[in-house]
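Here you go, one structure.
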Number of protein chains: 2
Amino acid sequence: MAREMLRQGGRSARIQEAVHRTVKELLAQMDRSEITVPMIAEKAGVPPSTIYRRWGDLSDLLADVALERLRPIADPEDTGAMGSDIETFIVDYAEEMSSDVGRGMYSDILGSSSDSAARCCHYTIHHLETLRQRAEGRGEPGFEVDAAMDKIVAPIVYHILFQDKAVTPDYCRALVSDFLGGKG
Amino acid sequence: MAREMLRQGGRSARIQEAVHRTVKELLAQMDRSEITVPMIAEKAGVPPSTIYRRWGDLSDLLADVALERLRPIADPEDTGAMGSDIETFIVDYAEEMSSDVGRGMYSDILGSSSDSAARCCHYTIHHLETLRQRAEGRGEPGFEVDAAMDKIVAPIVYHILFQDKAVTPDYCRALVSDFLGGKG
DNA sequence: CCACTAACGCTAATAATTTGCGTTAAGGTG
DNA sequence: CACCTTAACGCAAATTATTAGCGTTAGTGG
């Protein structure tokens, strides 16, 4: 992945923005296996060497873009109760990530030599942590975030990645209710 | 991945063997990001064009090699009882796959455009199925293979891939005993 | 043993990546 | 606010990887 930007403003930031935007546009138009660095460079209006120097190679650039897309911009929806909070978050997450674009983001992140994989799952942990704290603030008993990762998130991500079975909303809800039910 | 070989014998098979062996050797010596097709070609004694024509590109070749390494060669060890069969199989599997080489195989498989991901997890399902049948042959109650994939395999593979926590034998054993305990 | 053709080797053309070097502009300092 | 330092850039040349054409080799089935 890109090393942290040492300079945050001006030209450097404009290039980062233009390149990221271009990658997202290309990803929506064609298969990732057809995308090349020179192609991105031309569309974004920067020389290829700038991309190579800054991101290293295509897989690191794709991982960087994927990670940015996954970065939390808002907290999960507040539905009023812990069970429905978790269910809503998980069903939405699974739907978003089981698309071709979503699975592609996972592949890019896992194919990169950087630490983007660990970062990516920290985002999910962070969201679950938010839901846990919210529940406890309501006086609900809360839940173990690690256990939720193992029992809910891991199976969903596994099936998305290995494409061995369809990840349906019903399947997700069953995982959630199994997790919540197995506690009492 | 490589299309199925139309010709199984002679020269074609020798090349496949030489290339696979070379890839495994290189993988043991250096980081995968340093490996190139021309490098493999020279060491294996074949022209690069042959590799490109047959495997398409490097990621498909790596996925092909990874899949071959994961292909079951023997049934899981028979320890005399279902619980210890599952535990032994899972602990061994986790240990093997949590190495850098193991994680690399997953990355290669997930980064390929072929169906190698689904095949890879079918291998695991097949092994679990073997254990289930063996247990039932002994008069034991058996277990749900799908549930074992969700509750045992998925969390292990998730943590290996996303590198968010160490997958220790104790952790694996806890997953197995949780799975078996939650049934009675 | 012969015919058929998949798969190969070689080579030339094309495309991607790396590198050196001069230039621009961000961010800090007096 | 002008100046200094240097990260990051643009350009272009050199290197390396990939693709494609075409004749050749050698499995496979008859």
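Not measured: the values here are computed from a predicted model. Per chain, numbering begins at 1; letters A, B, ... match sequence-line order.
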remark   = Between A:Gly45 and B:Arg14, whichever has its closest DNA chain D nucleotide further toward 5' is A:Gly45
ask   = Quick one: which of D:dG10, C:dA7, C:dG9 gets closest to the side chain of B:Pro47?
value = C:dG9
message = Check B:Lys151 with A:Asp178, please: is the shortest side-chain N to carboxylate O separation under 4.0 Å?
response = yes
query = Considering only D:dC22, C:dG20, C:dA7, which nucleotide approaches the side chain of B:Arg53 most closely?
reply = D:dC22
key: Lys/Arg N to Asp/Glu carboxylate O, A:Glu68 vs A:Arg71, below 4.0 Å   = no
inquiry  = Please confirm whether the shortest side-chain N or O distance from A:Arg54 to OP1 or OP2 of D:dA8 is below 4.0 Å.
reply    = no
query = Hey, is the side chain of B:Arg11 pairing donor to acceptor with the base of C:dG9 inside 3.5 Å?
reply = no
request  = Kindly indicate whether the side chain of B:Arg54, heavy atoms from C-beta on, has any atom under 4.5 Å from the side chain of B:Leu61.
outcome  = no
key: Check ion pair B:Arg138-B:Asp78 (N to O, under 4.0 angstrom)   = yes
inquiry  = So if I take residues 18-40 of chain B and measure heavy-atom distances to DNA chain D, which residues fall below 4.0 Å?
reply    = B:Thr36, B:Val37, B:Pro38
Worked check of side chain to side chain donor-acceptor pair (under 3.5 Å) between B:Thr168 and B:Asp170 = CA-CA 5 Å; B:Thr168 62; B:Asp170 278 353; 5.6 Å; no
request  = Show your working on ring pair (Phe, Tyr, Trp, His ring centres under 6.0 Å) between A:Tyr171 and A:His159 and close with a plain yes or no.
outcome  = CA-CA 11 Å; A:Tyr171 171 71; A:His159 295 306; 5.6 Å; yes
key: Phosphate contact (D:dG10 OP1 or OP2) by A:Thr50 side-chain N/O below 4.0 Å   = yes
key: Quiz item: A:Ser49 side-chain donor-acceptor pair to D:dC11 base, under 3.5 Å   = yes
